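Values in this document were obtained by computation on a predicted structure and should not be read as measured data. One-based numbering along the sequence shown.
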Amino acid sequence: MNTSLFISRRLRFKGGLAMTCIAISFLVMIIAVAVSSGFRAEIRKGLSGLSGDVQITPPNLNVLDQSRPIEKNASYLSQLQNVEGVDSIVPVVYVAGIIKVDDDIYGALFKGVEEGKEGVSIPRSLAEKASLTEGSRMTAYFVGDKVRVRQFNVSSVYDSLVEADDKLIIYAGISDLQRLNGWSEDQVSAIEVVLDDKYKDESSINSRTMEIGYIINAYSEESTSPVIATSSVSRFPQLFDWLDLIDFNVLFILVLMTIVAGFNMISGLLIMLFENISVIGLLKALGMTDRAVSKVFLSSAASLVFKGMIVGNLIAFAFCFIQDKTHLLKLDPANYFVSFVPVNINVGSVLLADIGSFLVIMLLLLIPTLFISKVDPAQTVRVK
């Protein structure tokens with residue numbers, strides 16, 4: 001049996017306050033990592049539903065230009081299915097409209113996504129403003145060369161994760177909007193490519209966009225309408241910049257909490273060393289080296305740090321589970337793009353935070369062990 005470990009198990013580390021600090025630090029760190037991962041996942045999922053991860057459009061990027069439709073069944077589409085990470089390819093039609101309810105009007109963007117869809121699906125924010133419910137009749141005006149009026153049945157109300165008051169998305173049948181534009185069944189405004197969840201980071205989206213653009217150039221026929229591929233990163237740079245800012249804040253929290261926990265453990269270990277000066281002197285008198293004696297106290301401290309880490313993790317996991325199921329903590333979508341605090345436990349990120357913080361704290365604890373080399377057995381051991 002390792003002598004240092006054997007002795008450390010019999011030393012009592014009176015560090016209740018230090019352990020509490022460790023638990024709180026790991027609690028804050030894990031929640032910060034979970035919230036950061038949650039924001040990233042929810043916003044990327046919202047952007048995918050809004051306009052896809054990669055959007056194929058006319059060269060002028062104007063999906064509302066009724067004079068520049070693109071082909072729904074272009075020759076290059078069959079090749080896009082072979083691109084790694086592509087989950088679905090969705091042809092869509094966009095039409096700008098105005099919703100009139102009594103004396104109130106609201107600007108909206110109609111998006112045709114499904115064949116044979118009956119009625120329209122409206123965001124909850126519009127439903128609340130216009131007092132619309134499932135089964136309500138809704139009047140929409142479409143302004144072009146002439147004003148066209150259409151009546152729609154509200155088939156459902158959906159909660160939008162990424163939404164702005166000036167960009168209300170109403171989902172309708174694609175064939176209804178094609179007829180509204182006077183287009184054939186093969187003509188659409190854009191083609192949206194949705195990627196698998198593990199390919200929704202910024203670098204993966206950009207690389208898939210470049211690959212899709214290359215395929216379009218290589219496999220387009222002469223008769224095919226010219227198109228380009230753009231990424232959600234270039235269309236919504238402010239959202240990705242905001243996510244980068246959140247990641248920086250999380251990194252700052254991890255560093256701060258690790259330092260706080262480390263210095264609390266340093267003070268706790270110093271108290272333990274001062275209380276056990278005679279024990280240190282006795283161990284050195286019995287022939288133990290400074291390194292072996294340091295291992296005794298570091299093992300005891302490591303056990304305390306590990307227990308605090310486990311307690312902090314368990315409380316953080318419990319909080320994340322409750323928040324994920326109940327959405328107890330709310331947010332203002334106008335400022336945070338989502339209506340609740342999203343949480344997502346990424347096991348890899350949590351383990352990385354735990355292991356990294358644990359190692360840094362243990363490295364910091366090497367500082368007080370330098371005190372051990374200053375202890376003189378002749379002065380600390382008293383024979384009675």
Should L64 and V143 be counted in the same cluster of Ile, Leu, Val, Met, Phe, Trp and Tyr side chains packed under 4.5 Å apart? no

State, with a plain yes or no, whether a side-chain heavy atom of V33 is found less than 4.5 Å away from one of V250. yes

Would you please test M309 and N313 for side-chain contact (heavy atoms from CB on, under 4.5 Å) and show each step? CA-CA 6 Å; M309 182 179 71; N313 275 245; 3.6 Å; yes

Is the shortest heavy-atom distance from the side chain of L331 to the side chain of F39 under 4.5 Å? yes

In terms of heavy-atom contacts, K111 and L50 come closest through NZ-O, 2.7 Å

Polar side-chain atom of E71 near backbone of S225 as donor-acceptor pair, under 3.5 Å: yes

Modelled atom types, side-chain donor and acceptor of S207 and S204, under 3.5 Å: no

Report yes or no: do L126 and I98 belong to one cluster of Ile/Leu/Val/Met/Phe/Trp/Tyr joined by side chain heavy-atom distances under 4.5 Å? no

Let me check something: do I122 and V101 share a hydrophobic cluster, defined by ILVMFWY side-chain heavy atoms less than 4.5 Å apart, either directly or through other members? yes

Looking at V54, is its backbone amide N or carbonyl O close enough to the side chain of S231 to form a donor-acceptor pair, meaning the two atoms are under 3.5 Å apart? no

To the nearest 0.5 Å, what is the distance between CZ on R124 and CG on L132? 12.0 Å

Treat each ILVMFWY residue as a node, draw an edge where side-chain heavy atoms are under 4.5 Å apart, and state whether L352 and L27 are in one component. no

Between the side chain of T258 and the main-chain N/O of L254, is any donor-acceptor distance below 3.5 Å? yes

Heavy-atom distance under 4.5 Å between the side chains of L195 and I205, does that happen here? yes

Between atom CG of L364 and atom CZ of F263, what is the distance when rounded to the nearest 0.5 Å? 6.0 Å

Strictly distance-based, threshold 3.5 Å: is any side-chain N or O of E185 a donor or acceptor partner for the main-chain N or O of S175? no

I need the D324 CG to F321 CZ distance, nearest 0.5 Å. 8.0 Å

Within the side chain of S48, is there an N or O that forms a donor-acceptor pair under 3.5 Å with the backbone of R44? yes

Looking at every non-hydrogen atom in both residues, tell me the closest pair between L365 and G262 and how far apart they are. CD2-O, 4.5 Å

Would one find more than 12 heavy atoms of other residues, nucleotides or ligands at under 6.0 Å from atom OH of Y219? no

Please answer whether the main-chain N or O of A34 pairs with a side-chain N or O of S37 as donor and acceptor at a distance below 3.5 Å. no

For C21 versus N264, what's the shortest heavy-atom pair and its separation? SG-ND2, 3.1 Å

Is there a side-chain contact between I169 and Y158 in this structure, where contact means two heavy atoms from C-beta onward sitting under 4.5 Å apart? yes

Counting only heavy atoms not in K330, do more than 12 fall under 6.0 Å of its NZ? yes

Keeping R68 on the side-chain end and N62 on the backbone end, is there a donor-acceptor pair under 3.5 Å? no

Please identify which of these residues, Y94, F142, Y141, meets the ring pair (Phe, Tyr, Trp, His ring centres under 6.0 Å) condition with F110. F142

Can you name the nearest heavy-atom pair linking V188 to P91, along with the distance? CG1-CB, 4.0 Å

Are S203 and D201 close enough that a side-chain donor and a side-chain acceptor fall under 3.5 Å? yes

State whether the side chain of D176 and the backbone N or O of G112 hold a donor-acceptor pair below 3.5 Å, judged by distance alone. no

Determine whether more than 12 heavy atoms belonging to other residues, nucleotides or ligands lie under 6.0 Å from atom CD1 of I105. no

What distance separates Q66 CD from L177 CG, expressed to the nearest 0.5 Å? 10.0 Å

With a 4.5 Å cut-off on side-chain heavy atoms, are D354 and F358 touching? no

Heavy atoms only: give me the nearest G119-S155 pair and the separation to one decimal. C-OG, 3.9 Å

Quick one, V154 with T133, criterion side-chain contact (heavy atoms from CB on, under 4.5 Å). Give me CA distance, side-chain angles, the key distance, then yes/no. CA-CA 7 Å; V154 177; T133 59; over 6 Å; no

Exactly one of K45, K198, K200, R208 clears salt bridge (Lys or Arg N to Asp or Glu O under 4.0 Å) with D53, and that residue is K200

Would you call the rings of H327 and F340 parallel, tilted or perpendicular, where under 30° means parallel and over 60° means perpendicular? parallel

Do S36 and D247 come within less than 4.5 Å of each other through their side chains, counting heavy atoms only? yes

Taking L329's backbone N and O only, do any of them form a donor-acceptor pair with Q323's side chain (distance below 3.5 Å, no angle check)? yes

I'd like to know whether I315 forms a side-chain contact (heavy atoms from CB on, under 4.5 Å) with F319, so could you lay out the CA-CA distance, the side-chain angles of the two residues, the decisive distance to 0.1 Å, and finally the verdict. CA-CA 6 Å; I315 297 175; F319 166 82; 5.6 Å; no

Treating Ile, Leu, Val, Met, Phe, Trp and Tyr as nodes and any side-chain heavy-atom pair under 4.5 angstrom as an edge, say whether F252 and I259 lie in one connected cluster. yes

Verdict with supporting geometry, L304 and I22, side-chain contact (heavy atoms from CB on, under 4.5 Å): CA-CA 9 Å; L304 188 71; I22 292 289; over 6 Å; no

Rounded to the nearest 0.5 Å, the CD1 atom of I191 sits from the CG atom of L80 at a distance of 8.0 Å

Is there a donor-acceptor pair under 3.5 Å between the side chain of Q187 and the backbone N or O of S184? yes

Going by heavy atoms in the side chains, are E202 and D244 under 4.5 Å from each other? yes

So which heavy atom on S125 is nearest to which on L168, and how close? OG-CD2, 3.5 Å

Atom pair CZ/CG of R148 and L180 - distance to nearest 0.5 Å: 4.5 Å

Is there side-chain contact between S189 and W183, with at least one heavy-atom pair below 4.5 Å? yes

